[in-house]
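One structure below.
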Amino acid sequence: MTGVEPAGAELGIADGRALGCGTRLLVTRPERRAAARAAMDRVLLEIDEACSRFRADSEISRLNASAGKVVGVSKLLAEALETALRAARVTNGAVDPTVGAALRMIGYDRDFAGLPAAGGPIRLFARAVPGWRSLHVDSASRTAWLPAGVEVDLGATAKALASDLAAEAAARASGAGALVSLGGDIAVSGPPPDGGWRIQVGEDSGAPLSDDEETIAIQQGGIATSSTTVRRWRRGAVELHHLIDPATGLPADGPWRTVTVAARSCVEANTASTAAIVLGDAGDAWLEAMGLPARLVGRHGEVVRLGGWPEPQPLR
């Protein structure tokens with residue numbers, strides 16, 4: 001998904017890359033774009049240093065390397081770990097941070113841009129991940145502990161948390177309304193432009209804006225899309241993607257290829273969109289029970305709208 005400039009509005013826009021994905025910042029006061037961008041960039045750098053599994057010098061890499069020991073963590077990593085555990089509790093384990101070893105086993109061991117599109121044959125074994133209850137975090141003492149052999153990956157929540165924190169920081173620094181999109185994980189903060197923030201809905205956040213795509217408008221909160229169609233690669237005859245089912249330790253294999261959710265925050269939206277794909281046949285019923293507006297795309301392109309998700313509107 002991509003943030004879209006509302007018709008007739010003058011916005012400050014800044015595009016870039018961070019956390020292995022494209023970024024977009026929109027600010028309702030163009031003259032304050034530089035201040036907003038600097039604030040956003042600080043948050044993204046701090047998240048990368050704390051939460052990136054692909055940096056040997058990150059805090060999460062040091063925590064994984066110290067499994068079996070109590071490790072001191074920063075305030076930001078403690079928040080990110082607590083956020084991941086909260087997502088696991090809400091989804092009854094469908095979104096689980098202890099999928100690190102499973103992701104490494106299927107070859108997702110580096111930033112996706114550096115991952116070969118195809119590789120040699122791979123043998124896959126179904127085995128449940130250790131489970132989120134094995135991760136212990138004490139925010140008061142800023143410590144964390146993992147059992148030996150457990151690896152944490154925060155990919156399901158850390159980028160969404162970064163969007164929420166970056167939007168808040170950009171709005172605060174600029175004194176304006178701000179939208180931050182990180183690879184389609186979108187958060188807004190501050191006063192919106194007239195008519196709200198218009199957002200194009202699609203399966204690939206890198207796709208160009210098009211009059212043929214659906215759009216929605218939001219005033220606050222966040223939107224997130226989880227999809228099995230974009231981050232894919234092949235090992236021998238096996239096609240893989242990055243959304244792991246904790247029950248099997250393998251890529252989720254349900255009926256939904258893409259799920260988009262709107263919620264009070266980007267973290268809440270991304271937690272729900274990921275859970276819906278992992279839950280498979282039960283994903284749509286779970287979303288309905290949560291009462292969240294959602295758009296689901298099935299394997300063959302069929303679209304289901306839940307929770308008041310609007311019917312298609314043209315971009316212009």
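Values in this document were obtained by computation on a predicted structure and should not be read as measured data. Heavy atoms only: backbone and side chains are in, while hydrogens, waters and symmetry mates are out.
Taking both residues in full, the closest heavy atoms of Ala217 and Gly195 are given as CB-O, 3.6 Å, listed atom of the first, atom of the second, then distance. Across all their heavy atoms, Gly196 and Pro192 have their closest contact at CA-CB, 4.3 Å. Here the closest heavy-atom approach between residue Leu154 and residue Ala80 is recorded as CD1-CB, 4.0 Å. Closest non-hydrogen pair, Thr28 versus Pro191, comes out as CG2-O, 3.8 Å. For Trp132 against Ala88, the heavy-atom pair with the smallest separation is CG-CB, 3.3 Å. Between Ser265 and Asp164 the shortest heavy-atom distance is CB-OD2, 3.6 Å.
Rounding to the nearest 0.5 angstrom, the gap separating the OG atom in Ser66 from the CG atom in Leu146 is 9.0 Å. The CH2 atom of Trp286 sits 7.0 Å away from atom CG of Leu279, with the distance rounded to the nearest 0.5 Å. Of the inter-residue distances, the one linking Leu44 atom CG with Leu165 atom CG reads 9.5 Å to the nearest 0.5 angstrom. Expressed to the nearest 0.5 Å, how far CG of Leu81 lies from OG1 of Thr83 amounts to 8.5 Å. Distance check, rounded to the nearest 0.5 Å: CZ of Phe54 to CG of Asp153 gives 6.5 Å. Atoms OG and CE, on Ser163 and Met40 in that order, are 9.5 Å from each other to the nearest 0.5 Å.
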Quiz item: So Leu77 and Cys51, side chain to side chain contact (heavy atoms under 4.5 Å, CB included) or not? Walk me through it.
Solution: CA-CA 7 Å; Leu77 182 56; Cys51 302; 4.2 Å; yes

Practice problem: Any chance you could lay out the side chain to side chain contact (heavy atoms under 4.5 Å, CB included) test for Ile13 and Asp15, step after step, and finish with the verdict? | Solution: CA-CA 7 Å; Ile13 304 175; Asp15 293 331; 4.1 Å; yes

Practice problem: Please lay out, stage by stage, how Trp309 and Val304 fare under the test side chain to side chain contact (heavy atoms under 4.5 Å, CB included). | Solution: CA-CA 9 Å; Trp309 188 277; Val304 174; over 6 Å; no

Exercise. I would like to know whether Asp253 and Arg299 meet salt bridge (charged side-chain N to carboxylate O under 4.0 Å, His left out); could you show each step before the answer?
Key: CA-CA 10 Å; Asp253 186 29; Arg299 287 181 176 177; 2.8 Å; yes

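Within the 3.5 Å criterion, the main-chain N or O of Ala144 finds no donor-acceptor partner in the side chain of Asp138. A donor-acceptor pair is defined here as one N or O able to donate and one able to accept, closer than 3.5 Å; such a pair exists between the side chain of Ser58 and the backbone of Ser52. The backbone N or O of Ile216 lies less than 3.5 Å from no partner atom in the side chain of Arg198, so there is not a single donor-acceptor pair. Distance alone, capped at 3.5 Å, places no donor-acceptor pair between the Ser139 side chain and the Arg142 backbone. Between the Arg257 side chain and the Val297 main chain, no donor and acceptor come within less than 3.5 Å of each other. In this structure, Ser134 contributes its side chain and Gly131 its backbone to a donor-acceptor pair below 3.5 Å. When atom types are taken as modelled, the side chain of Arg33 and the backbone of Ala36 share no donor-acceptor pair closer than 3.5 angstrom. In this structure a side-chain-to-backbone donor-acceptor pair under 3.5 Å is missing from Thr215 to Gln200. Of the possible polar contacts, one joining the Lys159 side chain to the Leu182 backbone as a donor-acceptor pair under 3.5 Å is found. With Thr23 contributing its side chain and Gly16 its backbone, the two residues share a donor-acceptor pair below 3.5 Å.
In this structure the side chain of Val71 never reaches within 4.5 angstrom of the side chain of Thr143, judged on heavy atoms. Looking only at side-chain heavy atoms (C-beta outward), Asp284 and Leu287 stay at 4.5 Å or farther from each other. Looking at heavy atoms from C-beta onward, Ile223 lies out of side-chain contact with Val261 at the 4.5 angstrom threshold. The shortest side-chain heavy-atom distance between Leu135 and Pro97 falls under the 4.5 Å cut-off. Counting only heavy atoms from C-beta outward, the side chains of Pro255 and Asp281 approach each other to under 4.5 Å. A heavy-atom distance below 4.5 Å is found between the side chains of Ile244 and Leu103. Two residues are said to be in side-chain contact when any heavy atoms from C-beta on lie closer than 4.5 Å; Leu296 and Thr258 fail this criterion. Using a 4.5 Å cut-off on side-chain heavy atoms (C-beta onward), Val27 and Leu11 make no contact.
Hydrophobic clustering of Ile, Leu, Val, Met, Phe, Trp and Tyr side chains at less than 4.5 Å, counting indirect connections, unites Val180 with Ile47. Under a hydrophobic-cluster definition in which Ile, Leu, Val, Met, Phe, Trp and Tyr are linked whenever side-chain heavy atoms come within less than 4.5 Å, directly or via other members, Met290 and Val278 are assigned to different clusters. Linking ILVMFWY residues whenever their side-chain heavy atoms come closer than 4.5 Å, directly or via other members, leaves Leu161 and Val73 in distinct clusters. Neither Val137 nor Val90 shares a network with the other; the hydrophobic side chains, linked directly or stepwise wherever heavy atoms of I, L, V, M, F, W or Y lie under 4.5 Å apart, form separate groups for each. Leu26 and Ile218 fall within a single hydrophobic cluster, where Ile, Leu, Val, Met, Phe, Trp and Tyr side chains are chained together by heavy-atom contacts under 4.5 Å.
Ion pairing between a basic and an acidic side chain is recognised when a charged N comes within 4.0 Å of a carboxylate O; Arg86 and Glu268 show no such pairing. Using a cutoff of 4.0 Å between basic side-chain nitrogens and carboxylate oxygens, Arg53 and Glu151 are not scored as salt-bridged. Ionic pairing of Arg37 and Asp41 is present here: one or more N-O contacts between side-chain nitrogen and carboxylate oxygen are shorter than 4.0 angstrom.
No side-chain donor-acceptor contact under 3.5 Å links Ser227 and Thr225.
Evaluated for a side-chain contact (heavy atoms from CB on, under 4.5 Å) with Val259, the options Thr228, Thr274, Ile277 yield exactly one hit, Ile277.
More than 12 heavy-atom neighbours from other residues, nucleotides or ligands sit within 6.0 angstrom of CZ on Arg89. Atom CD of Glu49 is surrounded by more than 12 heavy atoms from other residues, nucleotides or ligands within 6.0 Å.
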